[in-house]
Amino acid sequence: MTAVTDPGTSRTTAPVLEVTGVSKRFPGTLALDDVSFALRPGEVHALVGENGAGKSTLIKVLTGVYQPDSGEVRHLGHTVAFRRPAEAQQAGISTIYQEVNLVPLMSIAGNVFLGREPRTRAGLVDWRRMNAEARALLADYGITDDVRRPLHTLGVGAQQMVALARAVSTDAKVVIMDEPTSSLEPREVEKLFEVLARLHAQGIAILYVSHRMDELYRVCDRVTVLRDGRVVHSGPLAELPRLELVSLMLGREIGKIREEGVTAFGEEHEVEREPVLRAEKLRGVRKLRDVSLTIRPGEVLGLAGLLGSGRSETARALVGAFPLDGGTVVVAGKPLKRGRVPAAMRAGVALLAEDRKTDGIIPNLSVRENIALAALPRLSPFGLVSKSKQDRIVRVFMERLRIKASSPDQKVAELSGGNQQKVLLARWLATGPRVLLLDEPTRGIDVGAKAEVQALIDELAREGLGVLLISSELEELVDGADRVLVLSDGAVAEELTGQDITEEKVLAAIARGGHDD
Amino acid sequence: ACTSREETAAPQAAGSGPAASAASAAPASGGCTLAQTGYPKVDPKTAVIGFSQSEKEANPFRTAETQSIRDEAAKLGIPGDHLLTTNAQSDLNKQISDIKSLLDRGAQLLIVAPLNSDGLQPALDAAKAKKVPVVTIDRKVTSQPCTDYLTFIGSDFVQQGKRAAQEMARVTGGSGKVAILLGSSGNNVTTDRTQGFKDELAKTPGLSVVAEQTGDFDRSKGQSVMEQLIQSHPDLTAVYAENDEMGIGAVNALRTAGKNPGKDVKVVSVDGTRNAVQLIADGSYNAVIESNPRFGPLAFQTLQQFADGQPIPSSIVISDDSYDETNAAQKVGNSY
Amino acid sequence: MIALSPRNAAFAGVLQRQGAAVVLVLGVVISWFAFPRFGSADNLRDLALQSSFLAVIALGMTFVIISGGIDLSVGSVYALGGVLAAYGSRYGLVVAILLPLVVCSLIGFVNGVLIARTGMAPFIVTLASLLFARGLLLAITNEGATTYKVDAGSPFLALGQGEILGVGTPVWIALVLFALGGVLLRRTRFGQAVFALGGAEQSAVLMGLPVARTKITLYTLSGGLAGVAGLLTAAYLQSGVTVLGVGTELDAISVVVIGGTLLTGGAGTIVGTLVGVLLRTLIQNVINQVGTLDSNYQTMVSGAFLLVVVVIQRLLARRRS
Amino acid sequence: MTSATLAAPTRARTAAWLQNYGVYVAVVALVVFNVVFTENFVSAANFRTQLVQAAPVCIVALGMALVIGTEGIDLSVGSVMSIAAALIPLYLGAGPLVAVLVAVVAGIVSGLFSGVLVAYLGIQPIIATLALLVGGRGLALVVAHGQLVQLHNRDFLALGTGDVLGIPVMVLVAAVVAVLAGLLVQRTTFGRQLVAVGGNRAASTLAGLPVRRVLVGVYVISGALAALAGVLSTARLGASDPNDLGLLMELSAITAVVVGGTPLTGGRVRVLGTVFGALLMQLVHATLIKHNLPDSTAQMVQAAIIVVAVYVARERSSR
Ligand SMILES: Nc1ncnc2c1ncn2[C@@H]1O[C@H](COP(=O)(O)OP(=O)(O)OP(=O)(O)O)[C@@H](O)[C@H]1O
Ligand SMILES: Nc1ncnc2c1ncn2[C@@H]1O[C@H](COP(=O)(O)OP(=O)(O)OP(=O)(O)O)[C@@H](O)[C@H]1O
Ligand SMILES: [Mg+2]
Ligand SMILES: [Mg+2]
């Protein structure tokens, strides 16, 4: 997609959505500081910045989730003060917020049409039509499941597609997407881009947030860069070299940013022969079909596959967080008791879960407590909490992972998504694990932090940890993993090693697995 | 099983005292007769009899009441499966369905201890439709005697309040400050015992009511309320408790506050439970107006008379005894 | 764990969703044969009538619980509704109906506003209004000393004591309300919003649902239905009884839960609640039919029964997943 | 910065301050009100009465606060009190210590029962404990044959009426329980895990916390404390009264906890707040009695006070 906005016309067309001088303060942080920004009709506008720069906050101010402390929001030239998201939606602004925000227990179709269900002439909800429409709509997004099933039976990625379908199917004039691709995988990302192109052709303005640079350059016309709550740049994207964009985001000189490639992974690791973890014929209640794998110390084992291919399920099964029908997991020679997370943890297996909101953070506890949580028994002689021991470890990890928080006492819920992710990583590292299972560890992390996390994974492997890396970003797997298992429909379809690990081969393996049966 | 009780606290058997007896001779004329109602003649000794109790048998009054009905039935040789009993567990709607289910199960005569004076009309209507006479005991219902129900046997709660006030005037010597521990709010017994007491107390100008607070007929609530009142009214000289349990709670409170119940502060209550009467005998309590729960003999006798065609008065007020320092020691065996 | 064959799984699914219904059917069949009087028309008619008042209250509670909330005030509001209806009946049928409806809905409305607009927990807000409604009831009845009676000739009585086709009017009214409730829950946007609220409130906000309005409507509905139950009871009892409704909120909650509605919200059915109510009435009736149970044992049995049903339901649900 | 942005933090800070300290302010305000407007309020005996009366609620509420911290609720506390009361006379013959132990063990068993239902069977706390609320009192009455039993053992009764160093035993026990609860929450792994479980149960499971053990532990503590409160109340009453003891205690305890600033949504436990919540409700109750307000007014005033107190202490969303 190319930038279609003609500079001449864009000056005359009034912005559809505009903020001037907006500030928003949270206890301890000034999330938005005198931000001015305009979204013009028909453009795809990228909003970028580090984790915690204020992107999501700006979106929430635009759509009435938060009220700005000062400044004003204009919609089609009129000053507006949306008091709730509903009002923004009525004004034709449709938003996909950062975390999937749907209703898990409700049917898929119900979620798509919630609040605007088709009705019969009597004014009653027309279920038949709703299901039919939802089925048709979702088929476009590659979701062919029964739309009457509860939403929670879909994987995170599929849920994201449902959210997308929902947002786009309203006749909105503005569509805002806060990291829509973070839980999608290549095929789905392509779907999303098709949708974007369609919207673009219809002249709908799109505000697009992503940490993935290639995506931005592929789909966006203009870019606004936020740093520490302030707008540091706004202008056409194509004219801005990639390196300069990164430097704007990070606030560092271009020279200091080494361009090493897309990821920060180093060379191959030295791998020991004897595996630290050996899983045999894991059979899950739902999906897994005899998955066997080994992880050796110092090795990064990649796990690839389509949405719902069973990657997350495998990882959860390894730490005993998932009921299994059969199979064994042996860590350092000792078999684990099935279905007991504490036992797995004691054996040194730790899982960074995929969905940090529901399975990761304890929102109302502080950063300190979230980091120390899993290591608590070790840090507490006789079950009595030692604050000094805690602080020592917390300080180390906050520095090492560069966690941005006003203090260790800040509530973790108040951190930006990326920083929450780092807190969770710190939680696991603090337990001193032998095997680290990372389920989409860089999801929603900004370029800077992503490089840090990748370098960290590298470093950990070098230190002799066994790492299982699940990622939907192929380059991450290709660059980072020493070995890649391709899962398909709950079974290991293929194993790639050494020189065979290339994007093409992994993709091909995924595709084969997907179409074989 | 392997429990070890305190030796002194042997649980007493209920129902050893005298049964309730009618206070005044029933008027020979103007009563309700079998002929008048057109009900079939049913002999209680051979009939199926239903008894609907209102509250759990977990306080002395209810325990004694139910026991008295059972004992009398046994005495009359009524077979066990001819006495059907239900318990409404303090739920009025349940009492209505209880009564209806008693009728369904073939009860030909009903004895009902109403949970409330109002609200049993649907149950009474159901009995009327089946021509089953209903004797209500201990609490009167506000329906038509003879048509909606046969008769009421029980105490006059207003009268009990009045007699308590008279005792109060006697034991205080006619002057002092009185606190009232009310029963549960919304309960007719509370209303009547309060009204009777206050009306009568007004005749003794030296006595004034300084506080009236609910103790929910419950010993511990009576005790807490009394503890508060002792603090805020140090000059309190008497307590009227609308049942014995609250009265005993008040005695506890007075003792912990270092006062001498029965002397510094007089205590009068209504009921006639064993513990309260014993306290009078011990000198820590002043008077108890009895509310006799032993309705069994009178209830069955009334049903028999009705079956025999005799006229039944619209209400049979029983004679309640009273306990004071002069008779408590001898009569403690009558208490329940 | 034994793997379920699809057929077994489907059966377990039915059991889990309709667990209470299965127990109800079994209970009815057993009682039918065990107690000769159980199946009599009179007894059945009475069971229906007796269930109808709690059913109406539980209907409102179902909505509230599906939305992830709870309404503890219904017991007091129910009693208040009865008193107001009896009081109002002296000014005619319209007043007898409108007075309790308006006041009780208003209490529910205030609950809703406090919950929706201030973010206070429903449990505590409705606990406060439980006290408030009881206090108000005592205030208008002169501390409970006055019981308002409904005149014998009042047309209002027909609402409680009348019969249509041999079945009591309250039963019909309850059935109609349940039918309307079912439509409201399943076939309107409001109903969908209720489910969404219970499933994920934050998402509901972000999806642009009228969350506050839905909540206020919900609690108003619950208060209003408690008022309806109160006025039906007043018509049935011919008086505004002051001692009603103590602990009724817990009865309502337990029948809703027995009916399969999740206390965490987001899932539940109206029919389930109806089954729950009938099951409760059945148990009471059976205890009476047995007839020999000491009253203290009766309480124990009710508690144990509640437990057994919930545990069975839970185990079935677990087997299914 | 504009004046609006300056004003907003000030207001926010006041609100946040009130949220944290509101319940203490309310207690102080009510004491001041009473000192000024209530006759005979300022006396050692009166304060003593208030503390003694608040003690059982306070003890139960502390257990309840822990349960609420895990996003649970324990409706069974009143019935557990009544079970404890029913057991006392049966074992008092073997000495007060044995009787108290038996009662507390019964509380622990009840707690274990609820805890297992909640943690291992996954039954909603409110419904699991509701079953015990209904059935437990029946059980107590069956044990006691529905009888109130007068108690005479002096040592036992001293628990309710005795003093140590001029401080009533009941108050002392409540204070010790409060201190222990405070330490438990702040200073032990169990306490921190409890709060984490309440904050996000799924995440806690994945973080390898012994979630079930924590849940069972919390209900056991609540049961034990309820039984302890039942023992003390029985001693104070001088009689075992399983029919009435602890009626509606669950609501009083929950009110104290919530008024004290612990959110019902879990993830946070305020121990001192709970103690003051219990004191506040006790003072409200006392004030209403001392001013001889009728029951109707008293209930409505209590309702209003609960709403206001909880309104002030509520968790605010940042808008
Ligand atoms: N509800 C809140 N309470 C307090 N602070 C908050 C809250 N929401 C966000 N913040 C803070 O505001 C700042 C901006 O956060 P925001 O979520 O907008 O970042 P972001 O740019 O979207 O980051 P990411 O790329 O990680 O999603 C962060 O410092 C964050 O800690
Ligand atoms: N049929 C289902 N019913 C309920 N939950 C499901 C079902 N299928 C998948 N899930 C849940 O969805 C999550 C993701 O599933 P899975 O492990 O199969 O996907 P994945 O390969 O990790 O893909 P992704 O995480 O990218 O969606 C898991 O937590 C799993 O429990
Ligand atoms: Mg964000
Ligand atoms: Mg996954």
Side-chain angles (χ1 to χ4, degrees), chain B residues 50-58 62-63 66 80-81 83-94 96-107 115-126 129-130 141-144 182-188 190-192 194-195 212 214, chain C residues 35-38 40 42-47 49-51 53-54 79 82-83 86 134-135 137-138 141-150 152 157 160-161 168 233-234 236-248 251 281 284-285 287-289 291-296 298-299 302:
Chain B
F51 172 53
S52 165
Q53 178 56 285
S54 55
E55 297 169 354
K56 279 196 292 255
E57 282 94 4
R62 294 295 165 201
T63 315
T66 303
D81 61 346
L83 179 67
L84 310 174
T85 60
T86 59
N87 190 304
Q89 310 269 354
S90 306
D91 178 349
L92 185 69
N93 282 325
K94 181 168 188 306
I96 294 171
S97 64
D98 282 354
I99 294 172
K100 288 189 176 181
S101 95
L102 288 175
L103 291 168
D104 256 0
R105 286 158 63 201
L115 180 66
N116 197 58
S117 297
D118 299 284
L120 280 182
Q121 195 59 45
L124 299 179
D125 288 346
K130 291 203 164 177
V141 293
T142 54
S143 303
Q144 270 307 312
L182 302 169
S184 313
S185 302
N187 191 313
N188 335 93
T190 305
T191 311
D192 289 353
T194 312
Q195 189 204 330
E212 44 183 311
T214 181
Chain C
F35 309 109
R37 297 282 177 174
F38 178 83
S40 76
D42 273 354
N43 192 40
L44 295 181
R45 201 181 297 141
D46 194 48
L47 286 184
L49 184 64
Q50 214 48 51
S51 305
F53 307 107
L54 183 63
V83 169
R134 185 65 63 178
L137 181 158
L138 290 176
T141 55
N142 186 18
E143 299 304 316
T146 313
T147 301
Y148 300 106
K149 310 271 296 180
V150 181
L157 290 179
Q161 303 183 339
T233 307
Y236 179 53
L237 303 181
Q238 275 186 27
S239 55
V241 177
T242 51
V243 297
L244 280 180
V246 179
T248 303
D251 287 337
T281 315
Q284 274 187 2
N285 198 260
I287 286 177
N288 278 348
Q289 301 276 355
T292 49
L293 223 50
D294 174 315
S295 59
N296 299 325
Q298 290 182 16
T299 337
S302 325

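Quick note on labels: first sequence line is chain A, next is B, and so on, each numbered from 1. Note that these values count all heavy atoms, side chains included, but never hydrogens, waters or copies made by symmetry.
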Least distance between heavy atoms, C:Ser239 atom then B:Gly119 atom: OG-N, 3.5 Å

Structural part of B:Asn116 lying under 4.5 Å from a heavy atom of chain C: side chain

Interface moiety of B:Thr66 toward chain C, non-hydrogen atoms closer than 4.5 Å: neither

Value rounded to 0.5 Å, distance of CG in B:Leu92 from OG1 in C:Thr242: 9.5 Å

Polar side-chain atom of C:Glu143 near backbone of B:Ser185 as donor-acceptor pair, under 3.5 Å: no

Heavy-atom closest contact (B:Gly186 atom, C:Val243 atom, distance): O-CG1, 3.4 Å

Chain B contact via C:Leu54 - which portion, at a heavy-atom distance below 4.5 Å: neither

Pairs of heavy atoms under 4.5 Å with chain B: top-ranked of C:Asn142, C:Asn285, C:Leu237: C:Leu237

Heavy-atom closest contact (B:Asp104 atom, C:Ser40 atom, distance): OD2-OG, 3.6 Å

Side chain / backbone / both / neither for C:Asp46 at chain B, heavy atoms under 4.5 Å: side chain

Under 4.5 Å from any heavy atom of chain B - which part of C:Thr299: both

B:Glu57, part contacting chain C, at a heavy-atom distance under 4.5 Å: both

Straight-line distance of B:Gln121 CD to C:Leu157 CG, nearest 0.5 Å: 9.5 Å

Partner chain C: residue of B:Leu115, B:Leu102, B:Thr142, B:Asp192 with the largest heavy-atom pair count (under 4.5 Å): B:Thr142

Smallest separation among heavy atoms of B:Asn87 and C:Gln298, with atom names: O-OE1, 3.7 Å

Non-hydrogen atoms of B:Ile96 and C:Gln50 that approach each other most closely: CG2-OE1, 4.5 Å

Atom pair CG (B:Asp125) and CD (C:Gln238), whose distance is rounded to the nearest 0.5 Å: 6.5 Å

CG-CG distance between C:Asp42 and B:Leu103, expressed to the nearest 0.5 angstrom: 9.0 Å

Heavy-atom pair count under 4.5 Å with chain C, highest-scoring of B:Asp91, B:Asp98, B:Leu84: B:Asp98

